[in-house]
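Residue numbering restarts at 1 for every chain, and letters A, B, ... go by the order of the sequence lines.
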2 protein chains.
Amino acid sequence: MSLRHAVLAALLSGEYSGYQLTKAFDVGVANFWYAQPQQLYLELSKLENDGLISGREVVQQTRPTKRLFSVTDAGLAELERFAAATSKPSFIRDDLLVKVQAVDHVEVAPVIEQLDQRAAAAAAKVEILDKLLRRFRGDLDEETFLRDGTPIGPYLTCLRGKRFEQEHHDWCVRAAALLRDRAARPLPAPR
Amino acid sequence: MSLRHAVLAALLSGEYSGYQLTKAFDVGVANFWYAQPQQLYLELSKLENDGLISGREVVQQTRPTKRLFSVTDAGLAELERFAAATSKPSFIRDDLLVKVQAVDHVEVAPVIEQLDQRAAAAAAKVEILDKLLRRFRGDLDEETFLRDGTPIGPYLTCLRGKRFEQEHHDWCVRAAALLRDRAARPLPAPR
DNA sequence: CACACCATGTAACCTGTTACATGATTGT
DNA sequence: ACAATCATGTAACAGGTTACATGGTGTG
């Protein structure tokens, strides 16, 4: 049960509709979690049924009516409980790593291609997250914001997300270059 | 379906029993995937039923009889197919990030404590992975091994794992220090 | 004699993904 | 008119976790 808490944590920043959440949780800016629209709508229903969030209808003249959700006191208490509980460490689980692991035994070309694509995608995400960070801290420099700025939680998770993408990018670029180079010299001369 | 391929990729390095795989896939050295023993045994059964791996019984006098598995031609073909197919990018999904995201609204002390614990765990994992890397490359230096050493796949995934843990460690340490500092000065003087 | 390690599984449950569904409005 | 965006869901399935189960061997 963790999407539950991810949604609660996201709603701390203000009221959001299901659709707005899907944007935040979607590919673009998953700085601390990821979920698909369907899962979010489902989780929002459950959270509302459990009284952890409450939704209010907002009728729009130009757009379809939407429901904005906010965290209730019960929801905050649940988050409090969750934050204090211990939880398992996280793991990398990435198909691309599996492919690279097997690269000595399978065709390298498609793997290299995918490394290139990933590198590009990661670079794009770094940009997005960097913009988000700048928006968060406004005109303050990073050091000052980290000392006194608020909210600090989203800033920290965003920082982590950016670093992850940067690392991923660098690794992809390096691995691709390396495998290309090795493919060009299939039989290194034994000295 | 990806544990399937992770197991196949792992078995490329040689024959392993279910138990040996659980060690490799377990908390210690999940350099490219993670899975629990139960899941591995189940997956091994399925893979054998599907003819992608084959197991041979090894009777030991001092230990219980075990079954060593290796990848069949069909299994290799399946991996080949998998490696060429495109796959979704990976995401961070970590309870700890959710907690940090909410840190402006919940008790900081337990979160800081968990950041400390994670930092220590990550540091330990970095050590383990570093040893693995040194074992992989033997007496070659890294540059040389990356140019010509084999197998290169496991080395690359291990490198990625190490970097991930290192980043995670650094972030945890930084976030913990920062939150501690902020907790000590709850109301920064507005100038 | 108890604890850790080797060795392997099953069953129930929870979570997450994919596919299916609908419908209004705004911009090109 | 067509595509994109806003807006919300359901149903079936695949994948992963937790709990339950068992039994032999070596070490302190």
Side-chain angles (χ1 to χ4, degrees), chain A residues 1-8 15-28 30 33-50 53 55-69 82 85-95 98, chain B residues 1-8 15-28 30 33-50 53 55-69 82 85-95 98:
Chain A
M1 279 222 218
S2 23
L3 172 60
R4 198 176 184 72
H5 301 105
V7 170
L8 281 174
E15 290 184 324
Y16 287 98
S17 70
Y19 187 79
Q20 287 174 300
L21 274 180
T22 65
K23 289 298 153 194
F25 273 78
D26 207 4
V27 255
W33 204 266
Y34 161 81
Q36 293 176 309
Q38 297 88 340
Q39 216 185 331
L40 283 172
Y41 282 114
L42 195 68
E43 199 61 49
L44 285 170
S45 311
K46 286 188 202 164
L47 281 166
E48 198 183 19
N49 277 339
D50 295 350
I53 61 175
R56 64 184 182 90
E57 289 224 327
V58 173
V59 184
Q60 305 172 107
Q61 63 283 66
T62 146
R63 295 280 179 198
T65 297
K66 62 182 173 182
R67 305 190 62 212
L68 293 180
F69 295 96
F82 170 74
T86 61
S87 53
K88 306 281 149 63
S90 65
F91 301 100
I92 298 185
R93 260 189 193 166
D94 190 341
D95 280 359
V98 176
Chain B
M1 278 222 220
S2 23
L3 171 61
R4 199 177 183 72
H5 301 104
V7 170
L8 283 174
E15 290 183 323
Y16 287 99
S17 69
Y19 188 78
Q20 286 174 303
L21 274 181
T22 66
K23 290 299 155 193
F25 273 79
D26 206 4
V27 257
W33 203 265
Y34 161 82
Q36 293 176 308
Q38 297 88 339
Q39 216 185 331
L40 283 172
Y41 282 113
L42 194 67
E43 199 61 49
L44 286 170
S45 310
K46 286 189 203 163
L47 281 166
E48 198 182 20
N49 276 338
D50 295 350
I53 61 176
R56 64 185 182 89
E57 289 223 329
V58 173
V59 184
Q60 305 171 110
Q61 62 284 67
T62 148
R63 296 280 181 198
T65 298
K66 61 182 175 183
R67 305 190 62 211
L68 293 181
F69 295 96
F82 170 73
T86 62
S87 52
K88 306 281 149 60
S90 65
F91 300 100
I92 298 186
R93 259 189 194 167
D94 189 341
D95 280 359
V98 176

I'd like to check the ring-ring contact (aromatic ring centres under 6.0 Å, His included) partners of A/Tyr19; sequence neighbours left out, ordered by chain and number. none
Figure out the CG/C1' separation between B/Leu44 and D/dG16, and round it to whole Å. 16 Å
Nearest-nucleotide 5' precedence on DNA chain C, B/Gln39 against B/Lys88: B/Gln39
5'-most contact on DNA chain D (nearest-nucleotide basis), B/Arg4 vs A/Leu68, goes to A/Leu68
Among residues at least two apart in sequence or on other chains, which ones pass side chain to side chain donor-acceptor pair (under 3.5 Å) with A/Gln36? none
Side chain proximity check, B/Leu40 to B/Leu3, heavy atoms < 4.5 angstrom: yes
Rounded to whole angstroms, how far apart are CG on A/Leu42 and C1' on D/dT8? 12 Å
Sequence neighbours excluded, which residues qualify as side chain to side chain donor-acceptor pair (under 3.5 Å) partners of B/Gln39? none
Rounded to whole Å, how long is the line connecting atom CZ of B/Arg93 with atom P of D/dT17? 11 Å
To the nearest Å, how far apart are A/Gln20 CD and D/dC6 P? 9 Å
Heavy atoms of chain B, cut-off under 4.0 Å: which first and last nucleotide of DNA chain C, 5' to 3', fall inside that, if you could look? C/dC5 to C/dT18
Within this structure, what is the OH-to-P distance between A/Tyr19 and D/dT5, rounded to whole angstrom? 7 Å
With sequence neighbours excluded, tell me which residues meet side chain to side chain donor-acceptor pair (under 3.5 Å) with B/Ser90. A/Asp94
I'd like to check the salt bridge (charged side-chain N to carboxylate O under 4.0 Å, His left out) partners of B/Arg67; sequence neighbours left out, ordered by chain and number. B/Glu48
Using side chain to side chain contact (heavy atoms under 4.5 Å, CB included) as the criterion, list what pairs up with A/Thr86, not counting sequence neighbours. none
To the nearest angstrom, how far is A/Tyr16 atom OH from D/dA7 atom P? 14 Å
A/Glu15: which residues meet the side chain to side chain contact (heavy atoms under 4.5 Å, CB included) condition with it, sequence neighbours left out? A/Arg56, A/Leu68, A/Ser70
By side chain to side chain contact (heavy atoms under 4.5 Å, CB included), which residues pair with A/Thr65, not counting sequence neighbours? A/Glu57, A/Val59
Going by side chain to side chain donor-acceptor pair (under 3.5 Å), name the residues that satisfy it together with B/Ser87, two or more places apart in sequence or in a different chain. A/Lys99
Mind listing the residues from residues 56-66 of chain B sitting with a heavy atom below 4.0 Å of DNA chain C? Number order is fine. B/Gln60, B/Arg63, B/Pro64, B/Thr65, B/Lys66
In what stems does DNA chain C take part, counting only runs of at least 3 consecutive Watson-Crick or G-U pairs whose two distances fall under 3.5 Å? C:1-28 with D:1-28
Could you tell me the separation between the NZ atom of A/Lys23 and the C1' atom of D/dC6, rounded to a whole number of Å? 9 Å
If we only count heavy atoms from C-beta on, is the A/Thr22 to A/Tyr41 side-chain gap below 4.5 Å? yes
